[in-house]
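Worksheet: one structure, shown below.
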Amino acid sequence: MGEIMDVRYPVKGLYVWFPFGFDVRKRTYAIIRELLDKDHKEALFPLLIPETEFMKEAEHIKGFENEVYWVTHGGKNELDVKLALRPTSETAIYPMYKVWVRSHADLPIKIYQIVNTFRYETKHTRPLIRLREITSFKEAHTVHATWEEAAKQVEEATRIYQEFYRRLAIPTIVSKRPDWDKFPGADYTMAVDTLMPDNKTLQIGTAHHLGSNFAKTFDIKYEDLNGEQQYAHQTCYGISERSIAALISIHGDDKGLVFPPEVAPIQVVVIPILFGKSEEILKACSDVADKLKDKGMRVVLDDSDERPGAKYYKWEMKGVPLRVEIGPRDLKNNAVTIVRRDSASKETAPLDNIIEEIQKRFEDIRENLFVKAKSSLNERIINCGSLEEVKEKISNGIARIPWCGERECGLAMEEAVGAGILGVPEGELGEGAGNCPVCNKETGNMAIMAKTY
RNA sequence: GGGGUCGUAGGGUAGCCUGGUCCAUCCUUCAUGCUUGGGGUGCAUGAGACCUGAGUUCAAAUCUCAGCGACCCCA
């Protein structure tokens with residue numbers, strides 16, 4: 001973490017991206033952009049939202065009004081209409097959607113933006129996870145003709161997010177949030193969670209079906225094929241720098257950062273092993289570095305005069321996926337020594353074939369990181385038969401337990417355990433057989449519970 | 001929401017209880033030179049700090065109050 005953010009900024013909940021961390025952010029967000037750009041357009045809406053728009057949707061207001069920052073003055077003059085710093089952009093975007101949407105031919109609209117948002121968090125703030133300025137909020141807002149199309153888009157959103165996280169080698173669980181935990185103003189919320197090393201889950205993506213709730217308050221209507229005015233149906237879905245919190249925490253180890261090659265600011269470090277002065281070895285090292293750079297790899301040649309061991313620690317801490325060492329022994333064999341950050345394995349590879357040797361390992365590393373993280377997550381999903389058992393084991397991971405789906409039962413479960421219900425996960429994880437621990441009704445739904453960030 | 005602990009160089013700390021011995025300790029870091037070189041080389045020299053404000057006092061890193069900030073526990 002010390003490499004990524006500077007936590008010394010003198011305002012609570014605001015942090016500074018170091019250039020190194022920003023580099024990781026840039027490469028991470030390039031992936032989400034790549035995935036979204038296939039089917040979305042990127043746009044940019046204002047940071048300031050007039051109170052008159054912000055206060056239109058009752059549920060939405062209830063959900064956010066306690067954490068809104070207000071701009072009340074322009075210079076010394078008090079503003080007639082206060083301006084909110086967006087806590088999220090529905091109320092900035094939807095007045096424009098009202099203007100933009102006229103006919104069924106205008107639909108669907110799929111727009112995203114990557115912006116900062118502000119929330120006056122009263123709980124403990126932490127870098128990348130709970131912020132007063134979310135610096136990297138990727139929010140998408142879509143408009144559709146029908147509820148069903150919007151529902152499909154929510155599915156598409158969670159699919160995109162899972163693909164995104166797979167690229168980062170982060171395993172995820174997708175579940176439908178319980179009704180009491182959905183986005184304010186939504187019909188329902190799908191959430192993407194992952195499990196952190198301390199056994200708490202981190203919500204790293206959400207997708208909300210807004211129905212026509214916002215369309216009604218913001219008067220977003222289209223003329224259908226029959227010439228009738230219809231309310232539009234909407235979705236929104238978001239990802240933040242929590243994705244980077246997960247990236248760092250899940251792969252990192254006691255030696256420091258570990259990055260999948262795709263997002264690593266430095267992918268290869270070349271370290272010469274010198275005895276006395278050796279032009280020959282330095283030359284071989286810079287040749288290798290140049291060769292890799294020509295292939296577009298991000299390479300550093302560390303020819304500083306620290307001892308090799310000191311360099312190893314330094315670059316390991318920075319999460320460089322591969323280290324290439326060249327010493328007299330290697331040179332004699334026309335070879336290099338390649339050390340992997342993810343597995344610490346030390347291998348000898350032929351110098352002539354260096355590019356392929358490196359590329360092959362990049363792919364292995366991403367795969368290995370994902371497999372490792374996935375099995376670590378799976379090992380910490382604990383099947384439980386009773387609430388007592390959940391309570392006992394919840395600090396060891398994610399508890400899986402039957403739940404009838406009723407609100408009263410769910411709230412009672414959360415109360416009894418002192419942890420949240422994430423929801424009923426998609427796929428096998430959410431399917432099973434048993435009895436709800438509260439009402440004892442038979443059910444095929446398995447809920448997951450966890451301590452959350 | 002409630003309770004608690006804390007703030008000393010870039011990072012980690014000693015000193016605070018019992019005010020003066022402190023132009024503030026040690027480790028790390030950084031700079032320079034020599035030395036060294038397949039997992040944190042050694043030596044020398046040097047650089048760098050008492051969160052902010054008010055108060056008590058002859059005297060404040062140390063005591064009091066407030067602000068800002070950090071961390072922990074409980075709901």
Side-chain angles (χ1 to χ4, degrees), chain A residues 1-21 62-63 65-67 69 119-133 180-181 198-200 253-258 268-285 288 301-320 322-349 351 391 394-395 411-421 449-453:
Chain A
M1 180 59 69
E3 304 278 320
I4 305 291
M5 307 291 294
D6 199 326
V7 300
R8 295 170 297 184
Y9 192 76
V11 180
K12 181 180 167 68
L14 309 193
Y15 307 93
V16 176
W17 287 93
F18 282 120
F20 183 82
K62 249 197 282 171
E65 66 183 347
N66 289 328
E67 11 188 284
Y69 281 94
R119 295 179 188 177
Y120 184 74
E121 293 286 352
T122 50
K123 288 185 186 166
H124 286 154
T125 53
R126 3 165 92 78
L128 298 177
I129 291 180
R130 192 175 296 282
L131 306 147
R132 285 189 169 175
E133 180 187 6
W180 59 90
D181 203 19
D198 65 356
N199 295 328
K200 288 201 277 190
D253 61 21
D254 50 9
K255 287 185 192 160
L257 297 165
V258 178
V268 180
V269 60
V270 181
I271 297 183
I273 308 296
L274 302 168
F275 292 90
K277 282 208 169 76
S278 173
E279 295 301 328
E280 212 185 350
I281 285 173
L282 276 171
K283 171 88 169 53
C285 285
V288 165
L301 169 62
D302 188 352
D303 58 359
S304 66
D305 72 356
E306 286 169 300
R307 296 275 294 255
K311 296 180 185 178
Y312 300 162
Y313 282 101
K314 173 177 165 181
W315 297 107
E316 278 165 358
M317 197 164 69
K318 286 180 177 291
V320 178
L322 288 178
R323 178 173 83 231
V324 172
E325 303 171 23
I326 302 178
R329 207 160 61 211
D330 302 295
L331 211 54
K332 202 174 67 189
N333 300 327
N334 199 34
V336 298
T337 302
I338 302 179
V339 183
R340 274 173 60 164
R341 176 65 180 88
D342 63 319
S343 64
S345 76
K346 204 168 199 169
E347 297 152 343
T348 303
L351 184 55
K391 188 166 183 170
I394 194 82
S395 52
L411 289 173
M413 286 162 70
E414 291 190 338
E415 172 76 27
V417 171
I421 294 184
M449 303 186 73
K451 298 264 191 193
T452 59
Y453 268 100

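Every chain is numbered from 1 and lettered A, B, ... according to where its sequence line falls, protein lines coming before strand lines.
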Rounded to whole Å, the CD1-C1' distance (A/Ile273 to B/G40) equals 14 Å

Side-chain N or O of A/Arg307 less than 4.0 angstrom from OP1 or OP2 on B/U36? no

Out of B/G37, B/A70, B/C72, minimum distance to the side chain of A/His124 belongs to B/C72

- Honestly, is A/Lys318 close enough over A/Phe20, meaning NZ or CZ under 6.0 Å from the six-membered ring centre and within 45° of the axis? yes

query: Considering only heavy atoms and no angle criterion, is a donor-acceptor pair shorter than 3.5 Å present between the side chain of A/Asp305 and the base of B/G37?
result: no

_Centroid under 5.5 Å and tilt under 30°, A/Tyr313 to B/G40_ = yes

Side-chain N or O of A/Arg8 less than 4.0 angstrom from OP1 or OP2 on B/G11? yes

Would the base of B/G1 count as contacting A/Thr122 through its side chain, where contact means a donor and an acceptor less than 3.5 Å apart?
no

- In whole Å, what separates the C1' atom of B/G38 from that of B/C30? 28 Å

Of A/Arg126, A/Lys12, A/Arg130, the one forming a salt bridge (charged side-chain N to carboxylate O under 4.0 Å, His left out) with A/Glu121 is A/Arg130

Could you work out the separation of B/A9 and B/G15 based on their P atoms and round it to a whole Å?
16 Å

By the Watson-Crick or G-U definition, both distances under 3.5 Å, B/C16 is matched with none

Taking 4.0 angstrom as the limit, do A/Arg341 and A/Glu316 come out as a salt bridge? no

To the nearest angstrom, the CD-P distance between A/Glu3 and B/U29 comes to 14 Å

field: Span that lies between the C1' atom of B/G19 and that of B/A59, in whole angstrom
entry: 8 Å

The Watson-Crick or G-U wobble partner of B/C6, with both key distances under 3.5 Å, is B/G69

For A/Arg329 and A/Asn333, the nearest pair of non-hydrogen atoms, with its separation, is O-ND2, 3.2 Å

### Query
Has A/Arg126 got a side-chain N or O lying under 4.0 Å from the OP1 or OP2 atom of B/A70?
no

- Task: Would you please say whether a donor-acceptor pair under 3.5 Å links the side chains of A/Tyr312 and A/Glu325?
- Result: yes

Q: Please measure how far the P atom in B/C63 lies from the corresponding atom in B/U18, and state the result in whole Å.
A: 9 Å

> Expressed as a whole number of Å, how far does the P atom of B/C68 sit from that of B/U52?
Replying inline: 16 Å

- prompt: How far does the C1' atom of B/G12 sit from the matching atom of B/A49, given to the nearest Å?
  reply: 13 Å

(Q) Looking at A/Glu316 and B/G39, is any side-chain donor or acceptor paired with a base atom of the opposite kind under 3.5 Å? (A) yes

When rounded to whole Å, the CD to C1' distance for the pair A/Glu306 and B/G39 reads 13 Å

Point to revise | Integer angstrom distance from the P of B/U13 to that of B/C72 | key: 14 Å

In Watson-Crick or G-U wobble terms, with both distances under 3.5 Å, the base opposite B/G33 is B/C43

With the side chain defined as heavy atoms from C-beta on, A/Ala310 is closest, among B/G40, B/G39, B/G69, to B/G40

Using a 6.0 Å cut-off, check whether atom CD of A/Glu65 has over 12 heavy atoms from anything other than its own residue.
yes

Legend entry - Atom C1', compared across B/C17 and B/U5: separation rounded to whole Å: 16 Å

